[in-house]
Amino acid sequence: MRIVVALGGNALARRGEPMTADRLRANVRASCGALAGLAREQELVITHGNGPQVGLLALQNLAYRDVAAYPLDILGAETQGMIGYVIQQELTNALNGEREVAAILTTTEVDEADPAFEHPTKLIGPQYSAQDAAEAAAEYRWTIARDGSAFRRVVPSPSPVRVMQAPLIRTLLENGQLVVCVGGGGVPVKTDGRGRQSGVQAVVDKDLASAALAAELEADTLIMLTDAAYVSENWGTPAQRDILTASPEAISELPFEEGSMKPKIDAAVRFAKAGGRALIGPLDRLDDLLARRVGTEIRSDLPEGIVYL
């Protein structure tokens, strides 16, 4: 099968951990160990987030005041290289060199008229207290939003139109390579009337970009790995209900939190409507997710609409 696996932020930086290179590598090593069995047997594309890392690079960038801060598109490219290198290396090690792994610097076309530019929702960088967040917003002219009990910077997250390197990725798969790509959703770019590309100041959601790529590659399955066992209706309330399976039409009617589960649902709906099946579940139970013992499956051929546990 041809499978696109999107690694959530917990696969790279666990909440509350320091964002050190050692912790990044340890988390990626564990994730690649979990993926090794799938990678040995299937055509596999691995995508990944970059929210904490791109925010960290932005802060480090601001600390050196002798030059203007680098824009988000270049910082996004930096994180693709940084994280892609570690995933490529650790997956190669987990497979004992049995298969070649290629990490591709990926760009994602967006529409500069996308309304997301007027409504930033993508969480990036570390968490702040209310006071520190207010000070950072005033100093750097950031938009700040709540993230659980803390606060984080938010930036525009336009919808992906297409992944520019999809034909190259398809060629690599057809020649037996495993591919790491669409890091952080891919560097967002716009295309002018002459076909010239330029970077855009935003961060594309990696799940939506992964769904766009999976559809372009005609993949069989899109797997979005997170730290939740299921997608849940009314999450965190006494009325919470875990969802086992759902049609794209039925689940798209339910409310989910912006910047958290909603992009995963939107991605699953997009891919399921294109004819694939989407799975959302925990990385540490990947075999159970594939065997349908845990996690949520979204596909079009479900007459029931939604099946709850």
Same cluster or not: are Val269 and Val161 linked, directly or through other Ile, Leu, Val, Met, Phe, Trp or Tyr residues, by side-chain heavy atoms under 4.5 angstrom apart? no
Looking at CZ of Arg146 and CD of Glu257, how far apart are the two atoms once the value is rounded to the nearest 0.5 Å? 11.0 Å
Side chains of Ile265 and Ser252, heavy atoms from C-beta outward: is any pair under 4.5 Å? no
If hydrophobic clusters are built from ILVMFWY residues whose side chains come within less than 4.5 Å, do Ile169 and Leu222 share one? yes
With a 4.5 Å cut-off on side-chain heavy-atom distances among I, L, V, M, F, W and Y, is there a chain of contacts connecting Ile280 to Ile243? yes
Taking Gln89 for the side chain and Tyr85 for the main chain, is one N or O donor matched with an acceptor at less than 3.5 Å? no
Count the heavy atoms of every other residue, nucleotide or ligand shown that sit under 6.0 Å from CD of Glu174, and state whether that count exceeds 12. yes
Approximate separation, where rounding is to 0.5 Å, of Leu91 CG and Arg29 CZ: 13.0 Å
Where is the tightest heavy-atom contact between Phe271 and Ala211, given as atom of each residue plus distance? CD1-O, 4.2 Å
Quick one: do Arg170 and Glu218 make a salt bridge, cutoff under 4.0 Å? yes
Can you hop from Leu208 to Ile298 via hydrophobic side chains spaced under 4.5 Å? no
Spell out, as yes or no, whether a donor-acceptor pair under 3.5 Å connects the side chain of Thr106 to the backbone of Ile104. yes
Side chain to side chain, Pro158 and Phe117, heavy atoms closer than 4.5 Å: yes
Closest approach of Leu178 and Gln42, non-hydrogen atoms and distance? CD2-O, 4.0 Å
Rounded to the nearest 0.5 Å, what separates atom CG in Leu57 from atom CE in Met82? 5.0 Å
Going through the checks in order, is the side-chain contact (heavy atoms from CB on, under 4.5 Å) test met by Ile74 and Val187? CA-CA 8 Å; Ile74 292 181; Val187 178; over 6 Å; no
Closest non-hydrogen atom pair between Ala137 and Ile144, with its separation: CB-CG1, 3.7 Å
Would a hydrophobic clustering, with Ile, Leu, Val, Met, Phe, Trp and Tyr connected at side-chain separations under 4.5 Å, put Leu72 with Val200? no
Please indicate whether Glu100 has more than 12 foreign heavy atoms, meaning atoms of other residues, nucleotides or ligands, lying under 6.0 Å from its CD. no
Within the structure provided, determine whether Thr107 and Val189 are in side-chain contact (heavy-atom separation under 4.5 Å). yes
Less than 4.5 Å apart, any side-chain heavy atom of Phe256 and any of Val231? yes
Spell out, as yes or no, whether a donor-acceptor pair under 3.5 Å connects the side chain of Ser157 to the backbone of Val203. yes
In this structure, CG of Leu286 is separated from OG of Ser31 (nearest 0.5 Å) by 10.5 Å
Checking Asp220 side chain against Arg2 main chain: does a donor-acceptor pair fall under 3.5 Å? yes
Ignoring hydrogens and geometry, is there a side-chain-to-backbone donor-acceptor pair from Glu216 to Arg162 under 3.5 Å? no
Keeping the roles fixed (side chain from Ser247, backbone from Leu302), state whether a donor-acceptor pair exists under 3.5 Å. no
Between Gln80 and Asn50, a side-chain donor and acceptor under 3.5 Å: no
Flag the pair Met1 / Glu41 as yes when at least one side-chain heavy-atom distance between them is below 4.5 Å, and no otherwise. no
As a quick check of understanding, evaluate side-chain contact (heavy atoms from CB on, under 4.5 Å) for Asp73 and Gln201, giving each step before the final call. CA-CA 6 Å; Asp73 59 323; Gln201 299 313 294; 3.1 Å; yes
Without swapping roles, check the side chain of Ser300 against the backbone of Ala272 for a donor-acceptor pair under 3.5 Å. yes
From Ile223, Leu225, Thr296, residue fulfilling side chain to side chain contact (heavy atoms under 4.5 Å, CB included) relative to Leu279: Ile223
Any Lys/Arg nitrogen of Asp266 or Arg270 sitting under 4.0 Å from an Asp/Glu carboxylate oxygen of the other? no
What closest approach, in Å, do Leu12 and Gln53 show between heavy atoms, and which atom pair accounts for it? CB-NE2, 3.9 Å
Can you find a side-chain donor-acceptor pair between Glu109 and Thr191 that sits under 3.5 Å? yes
Might you point out which heavy atoms bring Leu289 and Gly295 nearest each other, and give the distance in Å? CD1-CA, 3.7 Å
Give a yes-or-no answer on whether the side chains of Ser159 and Asp114 include a donor-acceptor pair shorter than 3.5 Å. no
So with a 6.0 Å cut-off around CD of Glu112, is the heavy-atom count from everything else above 12? no
Around Tyr70, counting heavy atoms of other residues, nucleotides and ligands shown, do more than 12 lie under 6.0 Å from its OH? no
Between the OG1 atom in Thr237 and the CD atom in Glu233, the distance rounded to the nearest 0.5 Å is 9.0 Å
Between Arg153 and Trp142 (side chain of the first, backbone of the second, donor and acceptor by atom type, cut-off under 3.5 Å), is there such a pair? no
Worked check of side-chain contact (heavy atoms from CB on, under 4.5 Å) between Asn234 and Arg241: CA-CA 7 Å; Asn234 302 315; Arg241 292 197 294 174; 5.6 Å; no
Side chains of Ile87 and Leu7: does their closest heavy-atom pair fall under 4.5 Å? yes
Flag if over 12 foreign heavy atoms under 6.0 Å of CD, Glu98: yes
So that I can tick it off, tell me whether Arg25 and Glu90 are bridged by a salt bridge, with the cut-off set at under 4.0 angstrom between side-chain N and carboxylate O. yes
Compare all side-chain heavy atoms of Leu35 with those of Val5 and state whether any distance is below 4.5 angstrom. yes
Look up atom NZ in Lys264 and atom CE in Met224, then write down how far apart they are to the nearest 0.5 Å. 7.5 Å
Any sub-3.5 Å donor-acceptor pair from Thr47's side-chain atoms to Val182's backbone N or O? no
Trace of the side-chain contact (heavy atoms from CB on, under 4.5 Å) decision for Leu244 with Arg292: CA-CA 9 Å; Leu244 183 62; Arg292 301 304 304 117; 3.7 Å; yes
With the side chain counted from C-beta on, respond yes when Leu24 and Met19 share a heavy-atom pair under 4.5 Å apart, and no when they do not. no
When you compare the side chains of Gln127 and Asp147, does any donor N or O come within less than 3.5 Å of an acceptor on the partner? yes
Kindly give the heavy-atom pair with the smallest separation between Tyr230 and Leu309, and that separation in Å. CZ-CD1, 3.3 Å
Do any N or O atoms from the side chain of Asn27 and from the backbone of Arg23 form a donor-acceptor pair under 3.5 angstrom? yes
